[in-house]
Amino acid sequence: MTQRDERLVLVDGSSYLYRAYFALPALTSRDGEPTGALHGVLNMLHKLLAEEAGERIAVVFDAPGRTFRDDLFERYKAHRPPMPEELRAQREPLKEAIAALGVPVLEVDGVEADDVIGTLAARAAGPVLISTTDKDMAQLVDERVELLNTMSGSRLDAAGVREKFGVPPAAIRDYLALVGDTSDNIPGVPKVGPKTAAKWLNEYGSLEALRERADEIRGKVGESLRAHLDELPLSYDLATIRCDLELDLQPGELRRSAPDTEALRRLYRRYDLRRLLAELEAEAPAADDPEGDPDPDPEVAYTLVRDEAELGAWLEQLEAAEAFALDLETDSLDYMSAAIVGLSVAVAPYRAAYIPVGHTGEGASPQLGLERVLERLRPLLEAEAPQKIGQNLKYDMSVLAGYGVALRGVAYDTMLESYVLDATATRHDLDSLAAKYLDVETVTYEQLCGKGAKQIPFAEVDLERAGHYAAEDADIALRLHRHLYPQVSAEAGLQRVFTALEMPLLPVLSRVERHGVRVDRQVLERQSGELAERMGEVEARAHEAAGEAFNLASPQQIQAILFERMGLPVVQRTPKGQPSTAEAVLEELSAQGHELPRLILEHRSLAKLKSTYTDKLPQLIHPRTGRVHTSYHQAVTATGRLSSSDPNLQNIPVRTEEGRRIRKAFVAEPGCRLLTADYSQVELRIMAHLSGDSGLLEAFARGADIHRATAAEVFGVERASDEQRRAAKTINFGLIYGMSAWGLGRQLGLPRDQAQRYIDRYFERYPGVQAFMERTREQARQRGYVETVLGRRLYLPEIGSRNRQRREYAERTAINAPMQGTAADLIKRAMIDVDAWLAEAGSEARLVMQVHDELVLEVPEGELDAVAARVRELMGGADGGALRVPLELELGVGGDWEEAH
DNA sequence: TAAGGAACGTAC
DNA sequence: GACGTACGTTCCTTAA
């Protein structure tokens, strides 16, 4: 008997399931069932079976339901995060597949996988290999027991444990009790990481000894240790894996049997596990297979275009195509400064070409020149036909515009296809989409060029490799489009959002970004100077009040001074349990008569303005244009809004007087003025429309001051006071966000029951609104998504969660998203229409910013009246008559943004 | 020194 | 816990 035969292999199925779920992209089968974790764990298991396992093996899972650890947690009021729904769904199919592979699956009621494995390992007479991703298992290692992480390939014996953790296996429980483990909910001691824990254990010998001599440890870490001494036994208990369970196992339960290939085939098909299916067919071909094998990837044919003849041949193909995919390779991510290094195109799946034009590395010649290539391509690029397909084409369009090429026929952006299909997907980049939808592992930029200090410019990468990478991007974009667009066009609403809104908006955003907004450097520099001076004064006073110097920007130091040294009451805690020093807390303390919190608040607000705005914006003024060029991101938010970065122009201060001054630096060119146009109460209007509430609709129809009208209803008065109006405004906003009575009360400084009475009264007066909210929640539950008036969808997988917090969060999102999203759709429509009109009318005016419900234009003085009138019409009509409420606008004009409001 | 998370604060 | 959507800065810890 060889070692492999007698050795027992124990697989920690639960740890792999979790790890694979979080590590791998969210793959789904054709039917939309999540399969990422299935993929990952089965691949891992195949590898393990091929390389390590003999006859004796079992895969162990945590039992569903309560375990004795849950009882422990409960006693100490901790809670375990529930298993994500998408993960839970993959558990049973995974167990089925493992069983079909002939590998025993163990699950013991009331016990976690760790403990079953610990017990089996302790009982085994011979060598044991534990396959897990969980570092806690290191405590089980000895001369007989070894760990293997099959995913990373790392192997741990006793020496390895010592090397990795700095302590021997026997000390791992002590170590874990100190360091803690968020995934296992072991509290540990704050501020103590792996290094400190190992140092202590080596110095004092054991946790017990350390506890006794905790007084000797100096510094913050020592304080932290002493503060948490009482919790150490709990941490130790939680970290301890049981090795003495009474398990009632039959001998055969740890032995492999013959795989059930029919069952495997069925499972692999059902969950779209193509690679595994292909392997299975290769090993055990089906006798009769009606569906046939899935096609293996045909050989890709990527061409490197380096001479006129080849270029000519490709141009012919492009001209003949109805659509082709296009992708630029450049030397920068910044669209304003990027230089083109090469272009790739794809006309059919697996058929793509790369045209290098700016490569400098060895073997880069022969190579066509950029001028020449653009000259040949220009007619195609500037024509509406053929249609252009690509990933994030706004970038390519902006870069080409820098070369005087006006890209037209931008018809399909795969990033936007993905976004419209599921805005909540965290990533819409090409590599993620390729993995998720095509099951293709693409070459990443990082793999090609490295990262950090070792990164080399794309232009210097070996041309063959660069060419393959670049051509692949175009190829993948084309294939993705063919995969995604049918899904988009299958739903009328999604099709509308994509074709009528997102795609037409793309070139508009490119133009807005490239045009930029003029920012006056001197105004900001002057303000920075003033802010610095005031911060110095406040800082000095704060240090004096505190009796010591400290960093006013450090919440941790503030916390230590206010709550530990000065003993002020802790008003609120951060999610991590630290006493919060947030604004509301300091306001409260300040109201109790303490001076220091007020000074900290003042310093914070000054520091924020200086670092985020007056210092940062001047750095982003483009040297060539003297303007700031933001990036608007079209595939980021869950609701359909745009977002803005580098810089974010959508959070420039406006609420306070001193913050608002920053807007004075946003100016118009000489001879121009800034025109601002804001939708008035747009989300409330949309709520009126969606709910169809007659009272609310009527109030908007007669042009009432909506907050005052609400106040009159809620407070039952003829004419509401300003104070009542303010409260009503808070209620109105709260409704849009799904606020609770508790939240409203806090906001208004009222007791909860009082706030609840206001809400009750509101719903009494506007019953349609309450019905709408219930309807929306119900729809979300029934269909799993909510939608905007135009048909944009937002999926809410957690709407049926058993976890109340998650479920209620999903419910609030469900209520907010149709309103926020419809408003987003409206202003997108308006931007498209305004941009089109400006071009058509030959106006010199330009859109320069979008801030969710506001458009800012830079307008030649002579055109002001005409542009203002037309903008009002276009924005007011952006709903195309779909809303039963009027859309009202507030317009303003000024030399700078502050003045224009 | 880099990377990532926590806390905080700005906008709509 | 408790109000939706974003982005950016600073501090701080850990790892390299």
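Chain naming here is simple, since letters A, B, ... match the order of the sequence lines and numbering starts at 1 in each. This structure is a prediction, so every number in the text was calculated from the model and none was measured.
Contact check, A/Arg604 against B/dG9: a side-chain N or O comes under 4.0 Å of OP1 or OP2.
Evaluation of the side chain to side chain donor-acceptor pair (under 3.5 Å) test over residues 551-560 of chain A, restricted to residues two or more places apart or in two chains, returns A/Gln559-A/Gln578.
No engagement by A/Glu683 is indicated, since no non-hydrogen atom pair under 4.0 Å with the nucleic acid exists. Using a 4.0 Å heavy-atom cutoff across all strands shown, A/Arg812 reaches sugar-phosphate atoms only and no base atom. Residue-level contact check: A/Tyr809 touches the backbone only, with heavy atoms under 4.0 Å from sugar-phosphate atoms and none from bases. Within 4.0 Å of A/Tyr613, counting heavy atoms only, lie sugar-phosphate atoms of the nucleic acid but no base atom. Residue contacts shown for A/Gln557 are limited to sugar-phosphate atoms, with no base heavy atom under 4.0 Å away. When heavy atoms are screened at a 4.0 angstrom cut-off, A/Val179 is found touching no nucleic acid atom at all.
Side-chain atoms of A/Glu502 do not come within 3.5 Å of backbone N or O of A/Val420 as any donor-acceptor pair. Distance alone, capped at 3.5 Å, is enough to place a donor-acceptor pair between the A/Arg663 side chain and the A/Pro653 backbone. Formation of a donor-acceptor pair under 3.5 Å by the A/His428 side chain with backbone atoms of A/Val636 is not found in this model.
Taking atom CH2 of A/Trp897 as the reference point, atom C1' of B/dA11 lies 9 Å away to the nearest angstrom. As a whole-Å value, the separation of A/His901 NE2 from B/dC12 P is 7 Å. Note: CG (A/Leu601) to P (B/dG9) measures 7 Å, nearest angstrom. If you take CD1 of A/Ile558 and C1' of B/dC8, they are 10 Å apart, rounded to a whole angstrom. In this structure, CE of A/Met849 is placed 15 Å from C1' of B/dT10, rounded to the nearest angstrom. Between the C1' atom of B/dG9 and the CD1 atom of A/Ile652 lies a distance of 13 Å, rounded to the nearest Å.
Annotation for A/Leu333: atom CG does not count as buried by contact number, only 12 or fewer foreign heavy atoms lying within 6.0 Å.
Looking only at side-chain heavy atoms (C-beta outward), A/Asp678 and A/His901 come within less than 4.5 Å of each other. The side-chain heavy atoms of A/Met535 and A/Glu602, taken from C-beta on, include no pair separated by under 4.5 Å.
Between the side chains of A/Ser432 and A/Arg427, at least one donor N or O sits under 3.5 Å from an acceptor N or O. Checked by atom type, the side-chain pair A/His633/A/Ser645 shows a donor-acceptor distance below 3.5 Å.
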Test side chain to side chain contact (heavy atoms under 4.5 Å, CB included) applied to A/Phe666 and A/Val848, step by step: CA-CA 11 Å; A/Phe666 289 76; A/Val848 294; over 6 Å; no

Side chain to side chain contact (heavy atoms under 4.5 Å, CB included) assessment of A/Phe165 paired with A/Leu156: CA-CA 11 Å; A/Phe165 297 95; A/Leu156 280 184; 4.2 Å; yes

Intermediate values then yes/no, side chain to side chain contact (heavy atoms under 4.5 Å, CB included), A/Tyr679 and A/Leu889: CA-CA 5 Å; A/Tyr679 279 113; A/Leu889 290 145; 3.7 Å; yes

List every contact pair, protein side and nucleotides 4-7 of chain B side both N or O, where the distance is under 3.5 Å.
from	atom 1	to	atom 2	distance (Å)
B/dA7	OP1	A/Thr574	OG1	2.8

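First and last contacting nucleotides of DNA chain C toward chain A (any atom under 4.0 angstrom from a heavy atom, 5' to 3' order): C/dG1 to C/dA15.
Using bins of under 30°, 30° to 60° and over 60° for the plane-to-plane angle, the ring pair A/His707/A/Phe733 lands in the tilted bin.
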Pairing annotation in dot-bracket form, given for DNA chain B with Watson-Crick or G-U pairs under 3.5 Å and | for cross-strand partners: ||||||||||||

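Taking every heavy atom of residues 735-754 of chain A and every atom of DNA chain C, pairs under 4.0 Å involve A/Tyr737, A/Gly738, A/Met739, A/Ser740, A/Trp742, A/Gly743, A/Gln747, by number.
Applying the ring pair (Phe, Tyr, Trp, His ring centres under 6.0 Å) rule to A/Tyr766 yields the partners A/Tyr762; only residues at least two apart in sequence or on another chain are considered.
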